[in-house]
Amino acid sequence: MYRTLFAGDLFADLDRLQRQLLRYAGPATNIRGFGRSGFPALNVGATPTSVEIYAFAPGLDPASIDVSIERGVLTLSGERGSNLPTGDAKAATHIHERISGPYRRVVSLSDDIDPESASATYRDGVLHISIKRRAAATPRRIDIH
């Protein structure tokens, strides 16, 4: 029924249009992060003693990723190269779905984190950033005598 109402695949056309708009407009970052289609994709969680951030960035050289914390804001930035064929006049790109170019992700952190305790590791395409909370902010049980 839908094939008769819409010529071609409407959802594939809308997806392609969205990717083209993002490519030409560039990433629009804000203090809360990019959204669902940002690069690198992020998972942010918290434990009673730390904040854990996972950035999924396969194929990147860890040395090319800039990680900084300033005034309670974590910033991940860098540039992802393109692996498209170049230099040959007969080379053509038919599908380009991998995001390339500069990227920047910004995450607001809680006031109780200790930026000096931040550590980062990169393994199997996943950047893991762990930031400990200040001891005074850690919940603790007080015994009554």
Side-chain angles (χ1 to χ4, degrees), residues 2 5-88 91-145:
Y2 294 109
L5 294 175
F6 302 112
D9 187 355
L10 176 66
F11 297 109
D13 292 340
L14 289 173
D15 182 53
R16 186 174 59 250
L17 177 62
Q18 180 183 16
R19 281 187 275 114
Q20 287 175 346
L21 287 172
L22 285 173
R23 184 173 51 207
Y24 293 121
T29 59
N30 62 35
I31 199 72
R32 303 258 183 239
F34 184 79
R36 287 195 97 26
S37 62
F39 179 83
L42 297 178
N43 284 352
V44 180
T47 70
T49 59
S50 67
V51 173
E52 307 294 327
I53 300 158
Y54 294 89
F56 302 93
L60 288 183
D61 177 12
S64 71
I65 304 170
D66 182 38
V67 180
S68 64
I69 299 175
E70 183 177 347
R71 294 186 211 158
V73 176
L74 173 81
T75 303
L76 300 173
S77 60
E79 186 160 353
R80 184 178 186 179
S82 176
N83 293 337
L84 296 175
T86 58
D88 185 2
T93 301
H94 297 284
I95 298 174
H96 182 138
E97 294 181 345
R98 182 176 185 255
I99 296 171
S100 60
Y103 61 87
R104 180 181 163 135
R105 297 297 308 265
V106 179
V107 178
S108 294
L109 300 170
S110 59
D111 293 336
D112 64 348
I113 59 112
D114 179 13
E116 300 300 320
S117 71
S119 64
T121 57
Y122 183 86
R123 182 171 179 219
D124 296 332
V126 179
L127 174 65
H128 175 217
I129 302 165
S130 180
I131 309 167
K132 296 201 183 315
R133 296 182 186 275
R134 291 188 182 100
T138 306
R140 62 185 176 101
R141 178 164 171 75
I142 300 172
D143 293 329
I144 302 172
H145 299 284

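Numbers here are sequence positions counted from 1. Values below: all heavy atoms of this structure, side chains included; hydrogens, waters and symmetry mates excluded.
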For residues 57-78, tabulate all N or O donor-acceptor pairs below 3.5 Å that involve a side-chain atom, not counting sequence neighbours.
{"residue": "Asp61", "atom": "OD1", "partner": "Ala63", "partner atom": "N", "Å": "3.3"}
{"residue": "Ser64", "atom": "OG", "partner": "Asp61", "partner atom": "O", "Å": "2.7"}

How close do Ser117 and Ile131 get, heavy atom to heavy atom, and via which atoms?
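Smallest heavy-atom distance, with atoms named: OG-C, 4.0 Å.
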
What heavy-atom pair brings Phe56 and Phe39 nearest, and what distance separates the two atoms?
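Phe56 and Phe39 have their closest heavy atoms at O-CE1, 4.1 Å.
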
Could you tell me if the side chain of Arg80 sits less than 4.5 Å from the side chain of Pro40, heavy atoms only?
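No, their side chains stay 4.5 Å or more apart.
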
For Ser130, side chain to side chain contact (heavy atoms under 4.5 Å, CB included) partners two or more places apart
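Partners of Ser130 under the side chain to side chain contact (heavy atoms under 4.5 Å, CB included) test: Ser50, Glu52, Ser119, His128.
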
List the residues meeting side chain to side chain contact (heavy atoms under 4.5 Å, CB included) with Ala120, not counting sequence neighbours, and say none if there are none.
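If we apply the side chain to side chain contact (heavy atoms under 4.5 Å, CB included) test to Ala120, skipping adjacent residues, the hits are Leu127, Ile129.
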
Say whether, by atom type as modelled, one donor and one acceptor occur between the side chain of Arg133 and the main chain of Ile113 under 3.5 angstrom.
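Not confirmed, Arg133 side chain does not pair with Ile113 backbone.
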
Whether Lys132 and Asp114 form a salt bridge (side-chain N of Lys/Arg under 4.0 Å from carboxylate O of Asp/Glu) is what I want to check.
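So Asp114 does not pair with Lys132 through a salt bridge.
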
